[in-house]
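Here is the structure we will look at.
Counting starts at 1 for both ligands and their atoms, following the listed order.
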Amino acid sequence: MDVVRTSKRLSFVLRHRPDSIGLALDVAGWADVHELLAALGLTREQLERVVAANDKRRFELDGDRIRASQGHSVAVDLGYAPEHPPAELFHGTVERFLPAILAEGLRPGRRHAVHLSPDAATARTVGARRGRPVVLRVAAARLAADGGRFTRSANGVWLVDGVPPGYLARD
Ligand code: HQG
């Protein structure tokens with residue numbers, strides 16, 4: 001079993017297309033582990049290896065259920081309580097998106113939320129998935145004070161509905 005390949009497959013299924021293997025998620029994004037193992041042809045040990053080896057702790061394995069901690073495009077309510085963000089958070093992107101981002105702010109696109117990183121180095125890695133990374137600073141505490149609702153996923157990714165341009169600055 002290829003751990004990285006299996007992890008990508010799990011992300012795809014648990015965030016975007018559970019139906020592609022006949023799986024159903026509950027309202028909070030949990031899938032039944034036995035159904036998942038049968039559908040993917042994996043053993044419990046293999047699944048545990050993939051979850052434990054994951055660099056970003058993308059999956060929560062809780063007894064007989066499993067879910068992705070963030071990144072969904074399917075409708076789920078992860079149930080994270082709102083939290084006060086630190087003064088600043090960071091968003092990694094690429095130059096070609098900047099004109100749109102600076103004009104209309106950060107938007108979730110096909111995901112549920114805009115994803116923000118706690119530090120510039122992590123944001124740089126996120127941006128680098130798409131090319132030469134550009135890091136934006138987000139005035140998170142000010143946005144929260146102005147009514148922005150922040151939550152933090154089990155693996156430390158900050159989530160917010162959107163970030164208007166007035167809260168963004170290039171790092
Ligand atoms: C950009 C990975 C034009 C945004 C990462 C990004 C993260 C806009 C892209 C997680 C825009 C969306 C999420 C606007 C935002 N106009 N472009 N108004 N607003 N964008 O993949 O943040 O490895 O949905 O800058 O580590 O890149 O999968 O979001 O470039 O935590 O676990 O639109 O995915 O995690 O891309 O990444 P994405 P993201 P995993």
Got a sec, which residues hit side chain to side chain contact (heavy atoms under 4.5 Å, CB included) with Asp2, two or more places apart in sequence or on another chain? Val4, Arg5
Lining ligand 1 at under 4.0 Å, by non-hydrogen atom distance, are residues Arg15, Lys56, Arg58, His91, Thr93, Phe97, Ala100, Ile101, Glu104, Gly105, Leu106, Arg107, Arg111, His115, Val126, Arg129, Arg130
Taking Thr122 for its side chain and Pro118 for its backbone only, find out whether a donor-acceptor pair lies under 3.5 Å. no
Under the 3.5 angstrom rule, does the side chain of Tyr80 hit a backbone N or O of Ala154 as a donor-acceptor pair? yes
Does the salt bridge (Lys or Arg N to Asp or Glu O under 4.0 Å) test come out yes or no for Arg49 and Glu45, once each step is laid out? CA-CA 6 Å; Arg49 193 140 40 92; Glu45 289 65 37; over 6 Å; no
May I ask you to list the residues sharing a hydrophobic cluster with Trp30, side-chain cutoff 4.5 Å, ordered by chain and number? none
Please, which pairs that meet side chain to side chain donor-acceptor pair (under 3.5 Å) have at least one residue in residues 129-138, sequence neighbours excluded? Glu88-Arg137, Arg137-Asp171
